[in-house]
Amino acid sequence: MVSRIDETFGALHGKGEKALIAYIMAGDPDIQKTQSYTYALIKGGADIIELGMPFSDPIADGPVIQKAAQRALGSGTNISSILELVRNIRRAHSTPVILMGYFNPVFKYGAEQFFIDAEKSGVDGVILPDIPLEEIGAVTPYAGKYNIDIILLAAPTSGRNRLLQLSKHTEGFLYYISLTGVTGASKGIDSQVISSIQWLKRKTQKPVAVGFGISTPEQAAMIAEVADGVVVGSAFVKLIESHDDASNDLLAFAHALKNAIKE
Amino acid sequence: MKKSESKKSLPDARGYFGEYGGMFVPETLISALQELERGYNRIAGTPSFQKELRYYLEHYAGRPTPLYFASRMTADLHGARVYLKREDLAHTGAHKINNTVAQVLLAKKLRKKRIIAETGAGQHGVATATAAALFGLECEVYMGDLDIKRQALNVDRMRLLGAKVIPVYSGSMTLKDAMNEAIRDWVTNVETTHYVIGSVAGPHPYPRMVRDFQSVIGKEAKGQIVKLEGRLPDVLIACVGGGSNSIGLFYPFIGYKDIELVGVEAGGLGIETGRHGASLTAGEKGVLHGSMTKILMDRDGQIINPHSVSAGLDYPGVGPELSYLKDAGRLKVYPVKDDEALSATVYLSRKEGIIPALESAHAIAFAMRYVPKLPKRSLVVINVSGRGDKDMDIIREHIKLGG
Ligand SMILES: Cc1ncc(COP(=O)(O)O)c(C=O)c1O
């Protein structure tokens, strides 16, 4: 089945464009704001929206997203309120929405129930950073049944055979982590990462999007040379952290990023 | 006593003990965990590694530790004969050294240059810093800010040993948060760094590896009790934080179905108050720090900040093998409250002249309740996992020591 994420990458490919995937934390600072921020990002040119589901112990995240998760939990955010938010977004937009979060809240909600309700709300894909290929059996039966893409992560430490396996099993696209580290680190982009993505692109048809340490239009442009999409997260979250209403800044920054990856 | 035929050994190839365990970690760490597992399988079982490890455990760490017949405690409790496995006498003052010397030795063979660890009570941090000094590796230890304050002595010990202690200010500022931060460091520096997890928690292969390294406790105890009493014990009692001292004592006895295994958890202010660290008693199945196990969570699956007077038991999860043994009915688990543990500290100090760690005092407190109910000829072994010097500030705060 062709998912909305597949269609988005297909359409962009047809236009010779790359995808801007914008991540913000759902419920940071509250669910209402997340809705307006999502609209701002879409208006600014985001092709796919990735909403973080907050967790108390986010082991793959740096301080910026850790704090966003704390703010989101502080505002009472949980899976139910996030699914309702997606339902509302769906009424206004057909932009694909991906939920990204740690497994325990999903497991507690009930893995199958989560995918049933996610499909009903119009969620297109799910990224679970603490579910590697080894544990994917915990979700694939349901994801397949309820038409949600499970997007797998690949890392600079994934060997070549593993990269091939990951790109075979991932749905929608492969999310390539651009650095050995947690989200939001600013290590710069390693030339080895670039060559690894180039290698992967020769081996697989699946779109590859790159994220974790990308915070400027220049870095985004560099990645867009080789990949099909760019994920920007912490940089958006920082704007939210430092503004009472970040809508205009989010729109402008999304716009700048989208322009940078068009060229 | 008969040993029942052991079924297939656990964990399975995927790191599962029944439905618990696994490798719930970010992709970045998978290659390192696989490398560690391969390295462990290749190296740890070889005669030369075993010989080298035995050398350090004996000549450096002070093993075997005694199994001491607690005669005054036995007389006082009017029940079973009580033996204490004296891990408090191991170098650095707790069982943690068994694991750190072994892991750091393995890390050195895997050519890692840098060692990191998380610590709660500071005992694992001290033991890791010690092993790093012994083998000449760089060492950084993550420790929650609350624990830095309540285990100040161990912070100074780690620094004296040349380790860097990095305060963690997130969450409850205790062990769980230190572990989050250590995992983040490992995600970032995985190529050069070995992460010495201090308990049988975490992703596969840690629960198995740490269990195997800590099993020296039970192996020794088995030989010692047979020598002293001519037979195996009836009851084993140990405190459970992440589960390493308990599984270390229990593991060689698991196949003997008639031997009762008792894990004692942090009851904190009481299970009913919600302020405790009793993941086996009050937790539910979920994923924390890389494994499926029993954890303390709220109805949205967010981890609950635990509470215990003892920093080493102040943890919202537990090793997956203990969750498995509990569900299988092989392991009995009881909570012991803060005040009971404090009283037991005084009791053991005055009855036997042994100041236990507050963690170990939980096991003593349970024994004080249970031993009187047992027949006179039955044999009980309690693991005194560590000594209490590190806890003097807390003890002073809670107890009038008198003139
Ligand atoms: C003396 C002592 N006992 C017990 C524990 C609890 O850990 P575990 O359950 O892994 O033995 C600790 C942990 O810091 C400790 O220092």
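No hydrogens, no waters, no symmetry mates; every other heavy atom, side chains included, goes into these values. Note that the coordinates shown come from a computational prediction; the quantities given were computed from them, not determined experimentally. Chain letters run A, B, ... following the sequence lines, proteins first, then strands; residues in each count from 1.
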Options [options], ranked by heavy-atom pairs under 4.5 Å with chain B, top entry:
options: A60(A), S80(A), P58(A), A138(A); result: P58(A)
options: L128(A), L179(A), L166(A), I131(A); result: L166(A)
options: F103(A), Y109(A), Y102(A), F107(A); result: F107(A)

Within the 4.5 Å heavy-atom criterion, are [X] and [Y] side-chain neighbours or not?
X: V232(A); Y: Q219(A); result: no
X: I79(A); Y: K108(A); result: no
X: P316(B); Y: N305(B); result: no
X: H124(B); Y: E118(B); result: yes

- [ ] Using heavy atoms and a sub-4.5 Å threshold, report which of residues 64-74 of chain A line up against chain B, by residue number.
- [x] Q66(A), L73(A)
Donor-acceptor pair between [X] and [Y] side chains, under 3.5 angstrom:
X: Y315(B); Y: H289(B); answer: yes
X: Y176(A); Y: S196(A); answer: yes
X: Y146(A); Y: E112(A); answer: yes
X: N99(B); Y: Q103(B); answer: yes

Open item on the list: Under 4.5 Å from any heavy atom of chain A, what part of I295(B) do you find: side chain, backbone, both or neither?
Closed with: side chain
Task: Other residues, nucleotides, ligands: >12 heavy atoms within 6.0 Å of K206(A) NZ - done: yes
Task: Whether over 12 other heavy atoms sit under 6.0 Å from Q192(A) CD - done: no
Open item on the list: I136(A) vs L152(A), test: side chain to side chain contact (heavy atoms under 4.5 Å, CB included). Steps then yes/no.
Closed with: CA-CA 9 Å; I136(A) 201 77; L152(A) 295 178; 3.5 Å; yes
Task: Residues from residues 166-185 of chain B approaching chain A under 4.5 Å (heavy atoms) - done: S170(B), K176(B), D177(B), N180(B), E181(B), I183(B), R184(B)
TODO: Could you list which of residues 23-37 of chain B have a heavy atom closer than 4.5 Å to any heavy atom of chain A, in residue-number order?
DONE: M23(B), F24(B), V25(B), P26(B), E27(B), T28(B), I30(B), S31(B), Q34(B)
- [ ] For side chain to side chain contact (heavy atoms under 4.5 Å, CB included), just list the numbers for I5(A) and I151(A), CA-CA rounded to whole Å, side-chain angles, deciding distance to a tenth of an Å, and then say yes or no.
- [x] CA-CA 10 Å; I5(A) 298 172; I151(A) 296 140; 4.1 Å; yes
Open item on the list: Looking only at heavy atoms and a cut-off of under 4.5 Å, which of V190(B), T188(B), N189(B) has the most pairs with chain A?
Closed with: T188(B)
- [ ] Tell me, out of I304(B), L288(B), D298(B), I303(B), who's got the most heavy-atom pairs with chain A below 4.5 Å.
- [x] I303(B)
TODO: Under the ring-ring contact (aromatic ring centres under 6.0 Å, His included) rule, collect the residues that match up with Y16(B), sequence neighbours excluded.
DONE: none
Task: E134(A)/R162(A) salt bridge by N-O under 4.0 Å criterion - done: yes
TODO: Please answer whether the main-chain N or O of G198(B) pairs with a side-chain N or O of K96(B) as donor and acceptor at a distance below 3.5 Å.
DONE: yes
Open item on the list: Before you tell me yes or no, could you show the steps for V86(A) and L99(A) under side chain to side chain contact (heavy atoms under 4.5 Å, CB included), namely the whole-Å CA-CA distance, both residues' side-chain angles and the distance that decides it to 0.1 Å?
Closed with: CA-CA 9 Å; V86(A) 177; L99(A) 299 183; 4.1 Å; yes
